[in-house]
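Okay, structure first, notes after.
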Amino acid sequence: MRSRSRVLVADELKHFLQFIDVSSDVEIEFLAADDPVPEGDYVGLLPLLSRRIDEAVLDRLPQLRVVANYAVGYDNLDLGVLRARGVAASNTPDVLTEATADLTWALIMAASRRLGEAERRAREGEWRWHPTMLLGIDLRGRTLGLLGAGRIGRAVGKRAPPFGLKVAYWDRVAQPAFESAIGARRIEKLADLLAAADIVSIHVQLSSETAGLIGAAELGAMKDGAILINTARGGIVDEEALCAALESGKLRAAGLDVYENEPEIRDCLKRAPNLILLPHIGSATEGTRRSMFELAWSNLMRGIRGEPLLTPI
Ligand code: 8YV
């Protein structure tokens with residue numbers, strides 16, 4: 001009898017198994033969030049972003065052929081070690097682009113119109129209508145500055161024209177089709193983009209080059225009263241510097257879906273009234289999370305069979 005291929009799948013993904021056919025030659029074991037990766041002859045691993053996949057993990061999985069990350073970001077993977085050991089890796093691009101762009105816009109609207117403060121006041125019953133109550137800003141005529149014009153950055157930019165926002169972007173790679181589609185303008189220096197934008201939205205990957213990219217100096221280079229949005233990775237922004245910029249009024253408001261040390265959110269962020277905080281829900285729609293699983297599963301199956309991955313990293 002041929003032995004079955006053993007794969008490890010993050011426990012939190014059980015729900016999505018109903019959407020796929022599991023071949024009879026594959027044996028799934030679930031990996032609980034707090035449990036270490038067990039030693040064994042597993043050939044595939046389908047982890048969440050919260051699990052770091054490094055040398056220590058790979059030492060326990062000598063037969064591993066593929067890591068199919070359940071996320072588009074892959075800062076949790078030590079790619080150098082994976083490559084050195086001949087383990088393939090994949091992520092889940094495209095399927096979450098639109099959902100994440102929508103959520104980014106939810107934060108842009110919420111921050112510019114003070115929805116966090118407004119919602120709290122309404123719930124607490126602490127309001128009496130007044131013409132200067134909770135005034136936000138008009139978007140029309142302002143500039144949205146995209147830090148990164150990859151798939152998600154461009155999808156965010158494409159939603160801007162109906163709101164009357166101009167779009168500028170900073171990216172190593174020029175995006176001529178994006179520029180001509182919506183009249184976006186490429187700005188080569190980060191400091192120039194920060195100085196030009198009324199709303200800065202972050203869409204770069206977290207890497208050694210982008211960790212701490214937005215610190216006190218960069219926040220200082222932004223326009224007075226600008227807004228910062230981050231749906232990429234918390235580690236790109238210096239959170240203490242952001243707290244200070246919000247407290248001093250340098251920034252009017254900010255919207256965050258991601259944090260440096262998830263699921264913890266530092267106290268100064270929680271205290272800031274002009275900050276919208278979300279618990280990393282950028283891709284959290286039923287359809288998107290299902291599509292992410294289907295894609296990750298297809299990659300896992302291809303990887304264990306030695307076939308080309310659909311979305312290799
Ligand atoms: C996911 C994300 O919600 O894909 C990513 O990189 O940050 C989010 O879309 C999350 O990572 C799921 O593991």
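Since the structure is predicted, the reported quantities are computational estimates derived from the model, not experimental observations. Residue numbers count from 1 along this sequence. Note that ligands are numbered from 1 as they come in the structure, with each ligand's atoms numbered from 1 the same way.
- The protein heavy-atom contact nearest to atom 1 (C) of ligand 1 is Ser283 OG, 3.3 Å.
- Judged by the 6.0 Å and 45° rule, Lys158 forms no cation-pi pair with Phe178.
- Centroid-to-centroid, the aromatic rings of Trp297 and Phe16 stay 6.0 Å apart or farther.
- For ligand 1, one of its N or O atoms has an N or O atom of Val72 under 3.5 Å away.
- Less than 4.0 angstrom separates some heavy atom of Leu96 from each of these atoms of ligand 1: 4 (O), 9 (O).
- Using a distance-only test at 3.5 Å, with no hydrogens or angles considered, no donor-acceptor pair links the side chain of Arg65 to the main chain of Val43.
- Residue Tyr70 has at least one heavy-atom neighbour below 4.0 Å for each of these atoms of ligand 1: 12 (C), 13 (O).
- Of the candidates Glu262, Met292, Arg289, His280, it is Arg289 that places a heavy atom closest to atom 3 (O) of ligand 1.
- Of the protein's non-hydrogen atoms, the one nearest atom 11 (O) of ligand 1 is Leu49 CD2, 3.2 Å.
- Side chain to side chain, Tyr42 and Arg6 meet the donor-acceptor criterion of an N or O pair below 3.5 Å.
- An N or O contact shorter than 3.5 Å links Gly73 to ligand 1 by distance.
- In this structure, Met133 shares a hydrophobic cluster with Trp127, Trp129, Leu134, the cluster being traced through Ile, Leu, Val, Met, Phe, Trp and Tyr side chains under 4.5 angstrom apart.
- Considering both main-chain and side-chain atoms, Thr92 never comes within under 3.5 Å of ligand 1 through any nitrogen or oxygen pair.
- Leu269 has its side chain within reach of Glu239: a pair of non-hydrogen atoms, C-beta onward, lies under 4.5 Å apart.
- Near Ala71, meaning under 4.0 Å from one of its heavy atoms, ligand 1 places the atoms 4 (O), 5 (C), 6 (O), 11 (O).
- Residue pairs meeting the disulfide bond (SG atoms under 2.5 Å apart) criterion with at least one partner in residues 210-313, sequence neighbours excluded, are Cys243-Cys268.
- Near Arg233, meaning under 4.0 Å from any of its heavy atoms, are these atoms of ligand 1: 2 (C), 5 (C), 6 (O), 7 (O).
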